[in-house]
2 protein chains.
Amino acid sequence: MKPNRRVKLSDLASKLGLSTSTVSRALNDHPKIPTATKKRVQLLADELSYHPNPFAKGLLKQKTKTIGVLLPSFKLPFFVDITDNIQKELKSYGYNLIVTTTGKSLKDEKEAFWKMAKAHVDGIIAIINQDHEEVSFLNDILDEGIPIIFIDRVVESIDANYVLSDDFTGSYTAIDHLIKTGHKKILYLEGPENLSTSFYRTQGYLEALKDNQINDTNVLSCENVDEVKLKLQSCPSSYDAIACFNDYYAFEALEYLQAQKVQVPNQVSIIGFADEPLCKYTSPKLSTVAQPCEEIGKISVSNLLNEINSLQINQPTEFKTIKIPTTLKIRESCK
Amino acid sequence: MKPNRRVKLSDLASKLGLSTSTVSRALNDHPKIPTATKKRVQLLADELSYHPNPFAKGLLKQKTKTIGVLLPSFKLPFFVDITDNIQKELKSYGYNLIVTTTGKSLKDEKEAFWKMAKAHVDGIIAIINQDHEEVSFLNDILDEGIPIIFIDRVVESIDANYVLSDDFTGSYTAIDHLIKTGHKKILYLEGPENLSTSFYRTQGYLEALKDNQINDTNVLSCENVDEVKLKLQSCPSSYDAIACFNDYYAFEALEYLQAQKVQVPNQVSIIGFADEPLCKYTSPKLSTVAQPCEEIGKISVSNLLNEINSLQINQPTEFKTIKIPTTLKIRESCK
DNA sequence: CTGTTAGCGCGTTCAT
DNA sequence: ATGAACGCGCTAACAG
């Protein structure tokens, strides 16, 4: 392995008998450079596989062409899917991506933001876990001129740009579908208390019942997946459908019912939320509400890039929240 | 949102009545600076939340403290898991991570390598798809002083550093276990032809049969998941176990058998490979061979960092291949 | 112990 | 149309 010998502008210049400025201009397609020289320069650049040193450039332009993505973990396919779409979208704009997982602690989350700031990313896209008591550090980061887009989850205490899936309508539609297909008593397995997504999904359930003149609501709160089976045990089994905060809850419910020899979907239908890959691997295959990962990725990127640009020309923008529609996926777990 | 006003060394210097070099030295814990000044400087730096501009630093040191990870897709949890572990490990060394997915085309793969080179990463960890006819571009990248570690898959034509899971032994152990637990006729669903992992796993199967004096080998080649059911249809069902190239193949086999009303594991046992999360969501839960994602992540990082350091002091190293043991996970799909 | 100077590689004046 | 000179922010070398 040879030592580090990267070719630079001055190398090209001396080989071509030109000045570095001319070479730079030629490479950047400056109007006053004759096409002939441009070609000559480009040719040598390609031959020596020259790439401009991003540090020199970054130092000059104060732009890194890199954006940071911050997510709780790689374990949830939903997050990964969004990240993937962000990456693809960013690629088309010539931007790079730095990813950091934050774990569950507020401290890690805060650190991750600072890490991004240190890396001088041009912007940040973040999925954050929960409410932060103290959000001044976010303002510090905004003060450094780094715009942030929050996705998937709303944090009450933070006024900012959000890109979310329309949890309320998604949940509403699912419940409405269950009712319209003849289900009378729908149990709802509610998610963690401090999650905005959980809140909106429960609201969707309640609203759908109300709009269908069903007064008999039935909500079972579970702080996490492990609580599902326990809670179901101590719950009268007078339901003909279970709607769930997410697919993992739904899977637990499915396992529980099957252990009880309850037939799904003949006796009880089940529906999840998120359309995680596992839905296709359970039997019966899980009905669910698909979240628009691709749109969330695309829209958050385009918004962030807008933000970056309007920041550059010193044009402050308003914070906005964008909700993106979900899609109902009916599979085998609903009759 | 305020305009970009990042605090720099000279800001600290002027506020403290010191020169930039003194401040720089204080912050870098230079021995000849009195502790008192160090404290004073550090205090102000914290207060103004100063972080050194990584571009200025990068320009000077020609080190980015960033490494690139290149993987085919985010869709396979196994890859994501490794990436996650790489990220965690890198974090502990103060390194950043740039991830790029390459898709399946050779062109994308090549481009991704160049992209990393352009970003001037200090090193690259790559999972690549298949054989490249023309690997000179890799040498071009090595020539720029960027070391590369390949993980998971071996590419014949590339002499380089590899970190792999021990596919041969993993597969051997699984098959041996099946035999020892009374299975007489084991069908093997072989993976894609051009994948090194597939090759070694098949070898493990063959060797295990041989060592147990079973001459009756039974290999069914499937280029991809979609072929599994088709191939099984045209295959005499005289087996009492199916071992598979990976978990997705195993899941297809499971679905096929269940559709044929064959009981798993009572009539036929199934075992996969990789320990993808889906294993726990099928019923019966899938037995499999777990790959050491954590070790692969850790070891590839430490090797890469070694490589980077020895490169710095101009000390060429030998290419080496490291194989890491797998773990057999017996779940419900084996009797 | 500390300040001054120089230079990392690039793009952008300002001259010519 | 092109070159010389400067500066982005930082640190290392060289004084003192």
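Chain A is the first sequence line, chain B the second, and so forth, proteins listed ahead of strands; every chain is numbered from 1. Every heavy atom of this structure was used, including side-chain atoms; hydrogens, water molecules and symmetry mates were not.
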How far apart are the C-alpha atoms of B:D46 and B:Q42, what are their side-chain angles, what is the distance that settles it, and do they pass the side chain to side chain donor-acceptor pair (under 3.5 Å) test?
CA-CA 6 Å; B:D46 288 347; B:Q42 192 61 57; 3.2 Å; yes

Which whole-number value in Å describes the distance from B:L60 CG to D:dA13 P?
10 Å

Here the residues of residues 39-59 of chain A within 4.0 Å heavy-atom distance, strictly under, of DNA chain C are A:Y50, A:P52, A:N53, A:A56, A:K57

Would you mind checking if B:K65 and B:D122 are paired as a salt bridge, meaning a charged N to carboxylate O distance below 4.0 Å?
no

Where do B:T20 and B:S10 come nearest, in terms of heavy atoms and distance?
CG2-CA, 3.8 Å

5' to 3' on DNA chain C, which nucleotides open and close the contacts with chain B (atom under 4.0 Å from a heavy atom)?
C:dC1 to C:dG9

Give the rounded distance in Å between these two atoms: CG of B:L12 and C1' of D:dG9.
12 Å

How far apart are the closest heavy atoms of B:G123 and B:I146, and which atoms are they?
CA-CG2, 3.8 Å

May I ask you to say whether A:K107 pairs ionically with A:E111, meaning some side-chain N is under 4.0 Å from a carboxylate O?
yes

Pairs touching residues 56-102 of chain A that satisfy ring-ring contact (aromatic ring centres under 6.0 Å, His included), sequence neighbours left out
none

Give me the distances for all protein-to-nucleotides 1-4 of chain D N/O pairs that come in under 3.5 Å?
residue	atom	partner	partner atom	Å
D:dA1	O5'	A:K32	O	3.3
D:dG3	OP2	A:S19	N	2.9
D:dG3	OP2	A:S19	OG	2.8
D:dG3	OP2	A:T22	OG1	2.4
D:dG3	N7	A:R25	NH2	2.7
D:dG3	O6	A:R25	NH1	3.4
D:dG3	O6	A:R25	NH2	3.3
D:dA4	N6	A:S21	OG	3.2

Taking atom C1' of D:dC10 as reference, at what distance in whole Å does atom CG of B:D11 sit?
13 Å

Residues A:D84 and A:K88 bridged, charged N to O under 4.0 Å:
yes

Restricting to pairs with a member in residues 15-54 of chain A, which pass ring-ring contact (aromatic ring centres under 6.0 Å, His included), not counting sequence neighbours?
A:H51-B:W114

So what does A:L9 hit on the nucleic acid, given a heavy-atom distance under 4.0 Å: a base, only sugar-phosphate, or nothing?
sugar-phosphate

Indicate whether the side chain of B:S19 and that of B:T22 have a donor and an acceptor atom separated by less than 3.5 Å.
yes

Got a sec, which residues hit ring pair (Phe, Tyr, Trp, His ring centres under 6.0 Å) with A:F150, two or more places apart in sequence or on another chain?
A:Y162

